[in-house]
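Model, not experiment: these values are computed from the prediction.
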Amino acid sequence: MASATAAVWALLAWRIGLVPELPAFLYLGTVGTLLAAVDLAVRRLPDLLVLPSYPIGTGLLMVATLVAAEFWPLVGALAGAVALWAAYAVQRLFAARSIGRGDVKLAGVLGLYLGWLGSGAWLLGLVAGFFFGGLFGIALIALRKATRKTEIPFGPFMLLGALFAIAMS
């Protein structure tokens, strides 16, 4: 897992650069790698890792806001967190078997970071997570390793979609 975290850090450092928000994104890379591994292993996104990411991520982005003296990215981050959480919460409300509570909680954290980068990154992160998850599901079905009703952990695909959006924005 250390090598995966190092690869994510390298990608984030390359994409974000040496700017005040880099520590926030490196935190996301660290906790995201751990969350993906846990979700793949036990099909849970533990509150112990997800919930502290709200104040930690917000705090780190607030420090970046103060250092850079730019207020609007923080507004975008907060709006992105609320909007992505709400999008997943609505899906959970109407299709509870397709999205877990942990996915809804993680969505707000990812929305925070994607919102910091802007609405384009936010939308790409949302779509890419579903795209990667769907592609994985189709591959499992094609290989006869799963059916349409097989549950797969979705957190890793949400995280991969967010990382893809960060890299592309």
Could you check whether the rings of Phe154 and Phe130 sit parallel, tilted or perpendicular, using 30° and 60° as the cut-offs?
-> tilted

CG of Leu34 to CG of Leu49, rounded to nearest 0.5 Å, is 5.0 Å

Residues pairing under salt bridge (charged side-chain N to carboxylate O under 4.0 Å, His left out) where one sits in residues 82-106, two or more places apart or in two chains, turn out to be Asp47-Lys105

Taking Trp9 for its side chain and Gly29 for its backbone only, find out whether a donor-acceptor pair lies under 3.5 Å.
-> no

Measuring from Leu74:CG to Thr58:OG1, what's the distance to the nearest 0.5 Å?
-> 7.5 Å

Any link between Met168 and Trp14 through a network of hydrophobic side chains (Ile, Leu, Val, Met, Phe, Trp, Tyr) touching at under 4.5 Å?
-> yes

Nearest 0.5 Å, what's the CD1-OG1 distance between Ile56 and Thr30?
-> 11.0 Å

Go through the steps to decide whether Met158 and Tyr88 satisfy the test side chain to side chain contact (heavy atoms under 4.5 Å, CB included), and finish with yes or no.
-> CA-CA 11 Å; Met158 294 171 65; Tyr88 273 79; 3.6 Å; yes

Counting only N and O atoms by type, is there a donor-acceptor contact under 3.5 Å from the side chain of Tyr113 to the main-chain atoms of Ala24?
-> yes

Quick check, are the ring centers of Phe164 and Phe131 under 6.0 angstrom apart?
-> no

Looking only at heavy atoms, the pair that brings Pro156 and Ala36 closest together is CG-O, 3.8 Å

Check whether any side-chain N or O of Arg44 sits under 3.5 Å from a backbone N or O of Val38 as a donor-acceptor pair, and report yes or no.
-> no

Between CD of Glu21 and CG of Leu117, what distance do you get to the nearest 0.5 Å?
-> 8.0 Å

How about Val109 and Leu28: do any of their side-chain heavy atoms sit closer than 4.5 Å?
-> yes

